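Here is the structure we will look at, set down as structure tokens.
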Amino acid sequence: MEDRVARMKAEWARECPGLDSSVMATVGALLQAGRLLDKNWLAPFIARFGLQKGEFDVIATLRRSGTPYELTPTDLYEGLLMTSSAMTSRLDRLERAGLVERHPDPQDRRGVRVRLTEKGLAVIDEILPLHVANEQEALASLDNKEREELDRLLAKVIRGLSAD
């Protein structure tokens, strides 16, 4: 990667000598890190459990919501930054697998709540410690202090990108 970045910087310096293109390398590295993390670590790990990454995200979100491990579909898709149609198809697959159930919202006659089933709770509780270990292994090239610094810097980038 470093050779490719150095080559890219040199090519831009040659072609556009007055342009500071170093930010392109930073953005490229962020995008590549995300793709590699997903392709080589997250997606294959989750697939071992017969799930897609997005399905894992749904059951993990329900789990961290606390007892009774339920949310509205709107809470889920807004929290996971996705469209309602994408959420519906994920919920359909999870419901067919017996991991979640939908039931009427007692506070809203038109509303629905999504809840982890006992099977869903058992699955996420089995996967979660292994998932954390997988992520630790994926970031093993960083020590704790470096990871904390990366967390701080990424949070700052995200705040800057999210500013309205």
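Here the structure is a predicted model, which is why all the values come from computation and not from measurement.
Separating the CZ atom in F49 from the CZ atom in F56 is a distance of 9.0 Å, to the nearest 0.5 Å. Considering OG of S21 and CD of E15, their distance stands at 11.0 Å, rounded to 0.5 Å. The distance from atom CG of L153 to atom CD of E146, rounded to the nearest 0.5 Å, is 12.0 Å. A distance of 8.0 Å separates CD of Q107 from CZ of R113, quoted to the nearest 0.5 Å. Taken from CD1 in I59 to CD1 in I127, the straight-line distance is 5.0 Å, to the nearest 0.5 Å. Atom CD of E101 and atom CD of E118 lie 9.5 Å apart (nearest 0.5 Å).
Side-chain contact between L51 and I46 is present, with at least one heavy-atom pair separated by less than 4.5 Å. Proximity of L71 to V114: side-chain heavy atoms (C-beta onward) are nowhere separated by under 4.5 Å. Proximity of Y77 to T74: side-chain heavy atoms (C-beta onward) are separated by under 4.5 Å at one or more points. You'll find the side chain of R102 stays beyond 4.5 Å of the side chain of R115, heavy atoms only. The shortest distance between side-chain heavy atoms of L99 and K119 falls below 4.5 Å. Counting heavy atoms from C-beta on, the side chains of W41 and L36 never come closer than 4.5 Å. Using a 4.5 Å heavy-atom threshold, the side chains of L91 and L76 count as touching.
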- Begin from the C-alpha positions of M87 and V58 and carry the test side-chain contact (heavy atoms from CB on, under 4.5 Å) through to its verdict. CA-CA 9 Å; M87 178 56 65; V58 170; 3.9 Å; yes
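Scanning all heavy atoms of the two residues, the minimum distance from S65 to E70 falls at OG-N, 3.6 Å.
Criterion: ILVMFWY side-chain heavy atoms under 4.5 Å apart, direct or through other members. Under it, L154 and L42 are not part of a common hydrophobic cluster. No continuous path of hydrophobic side-chain contacts links L139 to L150 [ILVMFWY only; heavy atoms under 4.5 Å].
Sorted by first then second residue, the side chain to side chain donor-acceptor pair (under 3.5 Å) pairs that include residues 121-137, not counting sequence neighbours, are R63-D125, H131-E135.
By the 4.0 Å N-to-carboxylate-O rule, E55 lies too far from R90 to be salt-bridged with it. Under 4.0 Å is where a charged nitrogen must lie from a carboxylate oxygen, and between D57 and K53 at least one such pair does. Using a 4.0 Å cut-off between charged side-chain N and carboxylate O, E149 and R152 make a salt bridge.
Other residues, nucleotides and ligands contribute at most 12 non-hydrogen atoms within 6.0 Å of the CZ atom of R109.
At distances below 3.5 Å, at least one donor-acceptor pair connects side-chain atoms of T117 with backbone N or O atoms of G98. At least one donor-acceptor pair under 3.5 Å links the side chain of T72 to the backbone N or O of D75. S162 places no side-chain N or O within 3.5 Å of a backbone atom of R159 that could act as its donor or acceptor partner.
Considering V100, L94, L121, I124 as possible partners of L62, the one that fulfils the side chain to side chain contact (heavy atoms under 4.5 Å, CB included) test is V100.
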